[in-house]
Amino acid sequence: MKAAEINIDKLDKSKMPKHIAIIMDGNGRWAKKKGLPRIAGHWAGAEVLRDIVKFCAEIEIKVLSVFAFSSENWKRPYEEVNSILNLLLYYLKKEVNNLHKNNIIINVTGEWQKLPGNIADEINRGIELTKNNTGLILNIVLNYGSRKEIVKACRYLCNEVKNGKINIEEIDEKIFEQFLFTRNLPDPDLLIRPSGELRISNFLLWQIAYTELWFTDKYWPDFKREDLLNAILDYQKRERRFGGLKKQSR
């Protein structure tokens with residue numbers, strides 16, 4: 001669906017999610033359904049991501065987090081992992097300059113420094129090139145597992161206590177969050193998962209404590225701007241109480 005066919009006037013600008021997170025799932029099954037190799041689904045998914053990033057920038061979303069590669073994905077067949085990494089390298093080289101021209105900031109969450117050197121170098125180039133931009137933050141969640149992130153944060157925090165830099169009695173949620181990969185980002189307001197799966201898959205477990213969830217049966221390569229619009233419209237109908245009670249009318 002073309003941008004001109006989407007009526008963004010339906011959106012309530014006063015209730016826009018500041019941070020949208022997406023688990024880009026279903027690429028392999030999309031390809032299998034079409035009789036194509038799994039990597040074809042990942043390529044198609046990358047094209048969808050390009051348009052969704054553009055749309056998020058147009059409707060002034062502040063942060064878009066996308067789950068690109070989990071630490072568990074290393075368990076997949078070597079050929080598929082290698083193809084995904086090559087795809088990542090290709091798009092980093094191809095898209096970074098365009099993202100920069102569109103005032104988009106590249107942020108990466110996860111242990112991306114452990115990726116092959118050529119990929120890590122391209123990621124670092126993108127981060128440095130776009131760090132002074134002021135538009136959408138594209139947060140690429142890469143080589144990431146939420147449980148590992150939390151354990152790693154605990155280790156750092158324990159070390160700070162051991163070295164006398166933090167008093168154990170002072171530790172609260174805000175201090176703990178400073179040791180997470182996402183310490184400079186707001187928590188997601190809306191989490192979207194395509195493909196029909198109804199699980200979180202070790203994605204931002206701490207950060208989504210009060211995030212609104214939205215699921216669709218569509219595979220990620222079939223996900224369109226219209227779907228994102230529908231997710232946001234559904235989000236805007238919900239009342240977020242963060243554990244409190246609904247305000248009583250007088």
Do Y90 and W43 have ring centres separated by under 6.0 Å? yes
Those residues at least two apart in sequence (or on a different chain) that pass side-chain contact (heavy atoms from CB on, under 4.5 Å) with E47 are R50, Y91
Tell me if the CG atom of L198 is crowded by more than 12 foreign heavy atoms within 6.0 Å. yes
Would you sort out whether F69 and W74 count as a ring pair (Phe, Tyr, Trp, His ring centres under 6.0 Å), showing the intermediate values?
CA-CA 9 Å; F69 189 84; W74 293 107; 5.1 Å; yes
Across all chains, not counting sequence neighbours, the salt bridge (charged side-chain N to carboxylate O under 4.0 Å, His left out) partners of E197 are R29, R199
Is the number of heavy atoms from other residues, nucleotides or ligands under 6.0 Å of E128 CD greater than 12? yes
In this structure, CZ of R76 is separated from CD1 of I84 (nearest 0.5 Å) by 5.5 Å
Can you tell me if E149 and W206 form a side-chain donor-acceptor pair at under 3.5 Å?
no
### Query
Do NZ/NE/NH1/NH2 and the carboxylate oxygens of K75 and E72 come within less than 4.0 Å?
no
Do you reckon M24 sits in the same ILVMFWY cluster as F203, going by side-chain contacts under 4.5 Å, direct or chained? no
Of all heavy-atom pairs linking P194 and I192, the shortest is CD-O, 3.9 Å
Is it true that E58 and R225 have a side-chain N and a carboxylate O under 4.0 angstrom from each other?
yes
message: Please check: side-chain N/O of N102 versus main-chain N/O of I104, any donor-acceptor pairing under 3.5 Å?
response: no
One should read off an interatomic distance between L229 CG and D234 CG, to the nearest 0.5 angstrom, of 11.0 Å
